[in-house]
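Just below is one structure, and these are the notes that go with it.
All of these numbers come straight from a predicted model, not from anything done at the bench. Order of appearance sets the numbers: ligands from 1, and atoms from 1 within every ligand.
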Amino acid sequence: MAKGKGINFLEIEAKWQKQWETDKVYNFDSKRDGSIYSIDTPPPTVSGKMHLGHAFSYTQADFIARFKRMRAFNVFYPFGFDDNGLATERLVEKSKKIRAKDFTRDEFIKICLEETKKFEKTMLSDFEQLGLSVDWNLLYRTIDELARKTSQKSFIEIYKKERAYRKEAPSMWCPKCETAIAQAELEDVELDSVFNDIVFKIDGKDVIISTTRPELLSSCVAVFIHPTDKRKKELLGKKAIVPLFGFEVTVLEDERVDPEKGTGVVMCCTFGDQTDMEWYFAHNLPLKMSFTRDGRMTELAGKYSGMKIKAARKEIIQDLKDAGLLLEQKPIKHAVKVHERCKTEMEIMNTKQWFIKYLDLKEEFLKKGNELNWYPKHMKVRYDNWIKGLQWDWCISRQRFFGIPFPIWYCKECGETILASEEQLPIDPIEKKPLIEKCPKCGCKEFIPEKDVLDTWATSSLTPQINSKWAQDPEFHKKLYPMSLRPQAHDIITLWAFNTIVKGYFHSNALPWKDIMVSGHALDTKGRKMSKSLGNAIDPIEMIQKYSADMLRYWAAAGSLGEDLPFQEKEFISGKKFLTKLANATKFVTMQTKGVKLSEFNENDLREIDKWILSRFSKVKKEATNSLEKYEFSKALGSIRNFFWLEFADFYIEEVKHRTYAEDETKETKAAKIVLIKIFSELIKLLAPFVPHITEEIFQENFKDQLTTKSVHLEKWPEIEENLINEEAEKLGEITKKIISAIRKYKSENALSMNAELEKVKILLPETIEFEKIEADIKQTMKIKEIEFEKTNETEIKIQIE
Ligand SMILES: [Zn+2]
Ligand SMILES: [Zn+2]
């Protein structure tokens, strides 16, 4: 293991990663008996590189996978890529410097499939370097055949349950991506804007309306006032003349007008925002669309038609000014909703889309959320709040190319929806025809394929069904569903966790998993989000090459579950110190314990300090096990690390040296050696989930005789030995620790070496103890000829040296 002075961690890691692969250490065996522990791994969006946030959260899930494997579960730990939909299209457009628009659907899909494979290869090798205990044979892509089949089957089932409907309705729209989007894909941002006081004429008088969006004047359909407005008598029911455009709209009243905002008189355009849409329905207003799908002004806008929205706004403001119809401009900050992928402001467009009807099921979804085990618990609030705030049915159709097609056609004559049959899945309706020959409703023989694709979240919300082969292998599905764990980050509780629960509800009326483990984000050193624009992103592969994967994992374990963790290079450095200390302790333990057999362990031969360390260790095992059962990995690692460093290495090893160095083999010297090897080899096992490479190396090199399998990662998790818990011994052990610390302090303050002999030490104790049980060890450890114990009225242990 040692090479020159230091340890070559990178070499060790590469070696074991290869060996694990060869030995199929992490392969899932569906035929094996025993309980299955299955993990619904998040498929990262294909982006070309693993970022630090990935490294952080995937490692945390891996701690659990490894722990459960050692707890004798048959662990199902797959990996996948989310490689369909808008994000992938954008990536391919950027990397190939092309535009999807310029290709046929078929051509563009081919390019995407080829391109994403390249990106996935790089990402895969990045993820492998973390030392994840994933079964790489279970790799899936959300665009592969099984995923397509699963997603289409899901749509058909939901349609048959009368939960999917197609409707021409106002829906949220991204003018940049030119597609409908869902509420969950929106992000709130605060933007600078301007309130423009614009003059409308009513009965020849000026009425001021404040608006941030004067470019919508051409789609103004009404003017609203609040029912309690003092001007009500004067204005209600009158005609208002829209400036610049000259047409008339009626003044109406509605509770939703905020009398405090602007002048209390507002215009309603179809559509400027969600309230406009509500008014449109509530007051049965006409529909006037001012802009096109790609965010340009329509014919309605007259001389402004063809302009982009923002350019038209500028122009209209200028024209209003010139006409004396713009009285004042006030800068404001206001919250707008943008598309999370491209940060473009969301618009509302009247288009024909497919929706999943679920607003009536809010109570059911809240109930499902209560049945799920949330780790950490407080994350459930985000789920609950999201459901309570839901206002739109789930829009699942996208006007894009690279996605999973809807498995449907429409009758050319009567518009009837014709579903593909299950044996046809996966299917592209553009290429194939339905199995039936004529429309069951009107007998027409011509069908028009649906050209829209399913939103990527409509598929990624089916990862438990994809992993459990729901659309392919019912037996396997039964075995694996619901899955044990969904690990994911907190920012996609609304998008991913919620949608997956929705799909689980529709398809099996059951939760998709038993537990959800929500991780935080990796932040930069100042606690900010890492982003390209800030230039503060840290490359995890660089960190692995500079330190090692085990040290990166050590850093990832420092974050409490659910909490964001700033990047701290000093954590990598302390990881290095820790691992080096571990390697040094290995050398000592193996040298001192040659020829010792664990099976010769005999409780009757133990000294008090042996009993102390064994008792402490039993408690540490219990704490670590209980913490990991609750997904509190940082707490688990914390107690193992503190025990190793502060009790085992700093005290126990020092306290037994005189016995292990002794030449004569007595029962007591042997007992010390057995305790050393027992605790140390179990410690390595406890650390194995966190730092899998170095622990494998240590175990294989030094404790091979203890291995019952090919890898330490397949060995049993150390048992908690309640019978070794001994409060009396712990009390004496603690006192011994304190006495030794005091003597060490004395020696170092007096410039004495730790081995320097002392003639006589008097120890003043606040209580009566059975000091004869620890006397010999203190004497031998600290090289003291004579010790005198005395009970005093002091509150603390004191020493007097003569
Ligand atoms: Zn967009
Ligand atoms: Zn028909």
Side-chain angles (χ1 to χ4, degrees), residues 45-47 82-95 98-101 108 112 159 165-166 170-189 191 271-274 291-296 308-310 335-353 392 394-403 406-421 429 433-450 452-458 460 491-492 494-495 531-533:
T45 304
V46 173
S47 63
D82 192 13
D83 53 5
N84 86 77
L86 216 43
T88 312
E89 270 190 40
R90 288 256 168 269
L91 177 74
V92 171
E93 284 183 326
K94 228 171 132 188
S95 79
I98 53 171
R99 287 195 325 170
K101 274 187 192 170
F108 189 73
C112 283
Y159 181 87
Y165 66 92
R166 189 179 190 228
S171 51
M172 288 171 283
W173 187 267
C174 174
K176 179 153 189 210
C177 302
E178 288 182 50
T179 180
I181 48 178
Q183 189 179 346
E185 288 169 88
L186 298 176
E187 209 175 271
D188 284 310
V189 292
L191 286 183
F271 302 97
D273 59 19
Q274 184 150 339
F291 38 78
T292 58
R293 292 177 165 222
D294 61 347
R296 289 176 187 278
K308 288 242 171 186
I309 294 173
K310 278 185 180 154
V336 294
K337 296 203 180 295
V338 298
H339 185 204
E340 53 103 20
R341 293 254 189 242
C342 67
K343 314 295 173 205
T344 306
E345 280 177 58
M346 176 271 278
E347 298 290 355
I348 295 171
M349 289 275 292
N350 205 55
T351 53
K352 217 172 205 179
Q353 304 292 349
W392 301 67
W394 184 5
C395 175
I396 52 164
S397 47
R398 295 293 180 271
Q399 291 64 56
R400 301 296 305 182
F401 292 90
F402 189 56
F406 281 82
I408 50 174
W409 302 262
Y410 306 107
C411 167
K412 198 181 176 190
E413 206 57 48
C414 71
E416 175 75 356
T417 301
I418 315 287
L419 296 172
S421 45
K433 285 194 161 66
L435 289 184
I436 53 163
E437 270 177 29
K438 50 188 185 181
C439 169
K441 223 172 168 185
C442 73
C444 167
K445 286 183 175 169
E446 274 191 79
F447 306 104
I448 303 162
E450 172 59 272
D452 287 355
V453 292
L454 283 151
D455 171 32
T456 177
W457 292 104
S460 57
D491 59 331
I492 49 172
T494 54
L495 264 172
S531 72
K532 270 193 196 138
S533 56

Practice prompt. For the pair Glu93 (side chain) and Ala100 (backbone), establish whether a donor and an acceptor sit closer than 3.5 Å, ignoring hydrogens and angles.
Written response: yes

Item to complete: Taking Glu89 for its side chain and Phe402 for its backbone only, find out whether a donor-acceptor pair lies under 3.5 Å.
Response: yes

Worksheet item: Does Asp452 come within less than 4.0 Å of Arg398, counting only side-chain N to carboxylate O?
Response: no

Practice prompt. Rounded to the nearest 10 degrees, what's the angle SG of Cys174 makes with SG of Cys177 at the Zn ion (ligand 1)? Could you check?
Written response: 110°

Practice prompt. Please find out if the Zn ion (ligand 2) and some N, O or S atom of Cys444 are separated by less than 2.8 Å.
Written response: no

Worksheet item: Do Trp173 and Gln399 get their side chains close enough for a donor-acceptor pair, meaning under 3.5 Å?
Response: no

Worksheet item: At the Zn ion (ligand 2), what's the angle from Cys411 SG to Cys414 SG, rounded to 10 degrees?
Response: 110°

Worksheet entry | Metal site angle (apex the Zn ion (ligand 2)), SG from Cys442 and SG from Cys439, 10 degrees | 110°

Practice prompt. Taking the Zn ion (ligand 1) as the reference point, name the nearest N/O/S atom of His339.
Written response: ND1

Fill in: Geometric cation-pi criterion Arg166 and Tyr410, 6.0 Å radius, 45° cone
yes

